[in-house]
> 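There's a structure below that I have some questions on.
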Amino acid sequence: MIGRGRRLPLPEFVVLMAGLFSMVAFSIDAMLPALPDIARELSPDAPNRAQLVLSSFIIGMGVGMLLAGPLADRFGRKPVITAGIVLYVLGALLAICAVTIEGLLVARLIQGLGMAGPRIAGQALLRDAYSGRRMAQICSFIMMVFVIVPAMAPYIGAQIADMAGWRGIFGSFVLIGLMMATWLNLRQPETLPRAHRRPIRLRVIAEALSEIGRDRLVMIYVLVLSLCFGMLIAMLSSIQQLYAVTYGMEDSFPFWFMLSGLISGLATLFNAALVMRRGMRRLALFAFGAQSFVSAIFVGGLLTIGGDLPFPAFFVWTVSIHAMAALTFGNLTALALEPMGHIAGIAASVVNAVTAFGGIMIAIPLGLAFDGTPLPLLLGTMTCSALAYAFLRVAKAIDPDPKTDRPVVTLASRTESA
């Protein structure tokens, strides 16, 4: 619970947390329509290097996540979030001034390092204030914004690039960072009292890592999160090529991408409405099972009938990927962090760093396998979602009825059962 000061009103708290978390996705997805321009200006001889603008950001964030947790446990949540945003803004300013692709990649690496602060310390702040299903429900509301913002990001990025060039997108990062840092420091109380802060000692960190590693359920949830993140990043890495090469719809890509994200945002409402009654793990099982089934149908059709997947079917499939993320990320994160409340900062660091690095290891080969058709991506998604479903079944066998994921019994539910 919040250690000092008053609690921020729930609607404002949700929007603030959603804004902080959405900075990550916006920093990635807003760059998608600008990659061709970056390639032409900074890497005309090797245009594929422009894609490293995405991966360098994620790599920097993955490294920063390992540091942000211990720092958040030592100095508090707000100072680490604020320092991270300052570093993120610095990286954006360096990107605006970049004259080589190498300089731009270094700037993006710095941005990723900085963004680890809001991502990890923000998650620890959320865990300080709420737990269990209430945390999962709040995560669902946050995911509603988290899904909508990146869905709109390519469209917004394209509009900014048309008016101010690709460097203008980094200018928008500066403005967003300054706005979020100001809002946080003016309105949000610190949630970690000084008496509960942990010193940065290697022994303390090693003990925390050992505790996390010994918890089989936490490790299973981290593995499943990695599979889910890998599927999402693989789709993002190939999505523009699929629209441009496979379907010849490069100009309308931002619109269709935005539409798919907005439609799938309904899944967050579904999750928020049912998570308190059905449980986090049950909804995640449903999402991965449905994703495996949908992808298997499309893979079977391509292998038996041949040709390209019709665009309407492809669009439905992209919606299903976004919906799967909406039904799983918040729930699985809540499950993974629930038993680690006493070391929330380090736990959030490990969970998110492993998820980032594991997701990249999955996404890179899937992206490189692009052959002008969606088949490699469909096969990879089908395999990853089936594995995620299987691992969650193992978690259920280990702990069939977790205390933090039991249905909430209300007067209405008692009446229904009667």
Side-chain angles (χ1 to χ4, degrees), residues 21 24-25 27-29 51-52 54-69 109 112-113 115-116 119-120 123 139 143 146 150 205 208-238 280-281 284-285 287-288 291-292 295 321-322 324-340 345-369 376-377 379-395:
F21 295 160
V24 176
S27 299
I28 296 172
D29 293 357
Q51 298 179 7
L52 296 176
L54 307 181
S55 58
S56 60
F57 180 88
I58 297 175
I59 291 172
M61 188 171 62
V63 173
M65 284 175 177
L66 295 175
L67 305 173
L109 191 71
L113 282 169
M115 191 43 53
R119 185 69 179 87
I120 297 301
Q123 198 167 68
C139 284
M143 279 299 300
F146 189 77
I205 296 175
L209 292 175
S210 176
E211 181 178 348
I212 294 170
R214 290 195 307 269
D215 194 310
R216 289 185 298 169
L217 283 173
V218 172
M219 296 309 297
I220 289 175
Y221 294 138
V222 170
L223 177 58
V224 174
L225 278 166
S226 297
L227 289 166
C228 188
F229 188 65
M231 287 184 275
L232 183 61
I233 295 299
M235 189 268 285
L236 292 177
S237 299
S238 300
M280 299 173 272
R281 196 167 60 194
L285 280 167
F288 288 127
Q291 184 61 63
S292 302
S295 296
I321 292 289
H322 282 118
M324 177 196 66
L327 288 171
T328 55
F329 273 128
N331 292 334
L332 292 171
T333 299
L335 285 168
L337 293 181
E338 176 60 32
M340 300 294 161
I346 295 177
S349 288
V350 174
V351 167
N352 285 278
V354 174
T355 297
F357 286 122
I360 288 176
M361 292 179 65
I362 294 169
I364 287 177
L366 287 180
L368 292 176
L377 192 58
L379 282 169
T381 301
M382 179 186 70
T383 303
C384 289
S385 55
L387 286 173
Y389 181 86
F391 282 123
L392 281 184
R393 297 293 298 184
V394 172

> Which heavy-atom pair separates Ala325 from Leu232 by the least distance, and what is that distance?
CB-CD2, 4.5 Å
> Mind checking whether Met219 and Arg214 have side chains closer than 4.5 Å, heavy atoms only?
no
> Go through the steps to decide whether Leu109 and Phe57 satisfy the test side-chain contact (heavy atoms from CB on, under 4.5 Å), and finish with yes or no.
CA-CA 5 Å; Leu109 191 71; Phe57 180 88; over 6 Å; no
> Nearest 0.5 Å, please: how far is OG in Ser56 from CE in Met61?
11.0 Å
> Within the 4.5 Å heavy-atom criterion, are Val394 and Ile220 side-chain neighbours or not?
yes
> Could you report the tightest heavy-atom contact between Arg281 and Tyr221, atom names first, then the distance?
NH1-OH, 3.3 Å
> Give a yes or no on whether the backbone of Leu327 and the side-chain of Asn331 come within a donor-acceptor separation of less than 3.5 Å.
yes
> Step by step, work out the side-chain contact (heavy atoms from CB on, under 4.5 Å) result for Phe288 and Leu387.
CA-CA 9 Å; Phe288 288 127; Leu387 286 173; over 6 Å; no
> Find the distance between CG (Leu217) and CG (Leu392) and round it off to the nearest 0.5 Å.
10.5 Å
> How long is the straight-line distance from CG of Leu223 back to SG of Cys228, given to the nearest 0.5 Å?
11.5 Å
> With distance as the sole test, does Ser226 use its side chain to make a donor-acceptor pair with the main-chain N or O of Gly358 at under 3.5 Å?
no
> If you take all heavy atoms of Leu66 and Ala353, which pair is closest and at what distance?
CD2-CB, 3.5 Å
> Of all the heavy-atom pairs spanning Ser292 and Ala386, show the shortest one and how long it is.
OG-N, 3.1 Å
> Quick one, Ile360 and Ser55 - any side-chain contact, counting heavy atoms below 4.5 Å?
no
> Measuring from atom CD of Gln291 to atom OG1 of Thr381, what distance do you get when rounded to the nearest 0.5 angstrom?
6.5 Å
> For Met382, is there any backbone N or O sitting under 3.5 Å from a side-chain donor or acceptor partner on Ser385?
yes
> Does a side-chain heavy-atom distance below 4.5 Å link Leu227 with Phe391?
yes
> Under 4.5 Å between any side-chain heavy atoms of Ile362 and Phe229, yes or no?
no
> Looking at every heavy atom in both Ala336 and Val218, which two are closest together, and how far apart are they?
O-CG2, 3.6 Å
> Shortest non-hydrogen contact from Ala116 to Gly64?
CB-C, 3.3 Å
> Measure the CE-CD1 distance between Met324 and Ile321 for me, rounded to the nearest 0.5 Å.
4.5 Å
> Pick one: which of Thr328, Leu332, Thr355 meets side chain to side chain contact (heavy atoms under 4.5 Å, CB included) with Val224?
Leu332
> Distance check, rounded to the nearest 0.5 Å: Met115 atom CE versus Leu113 atom CG?
11.0 Å
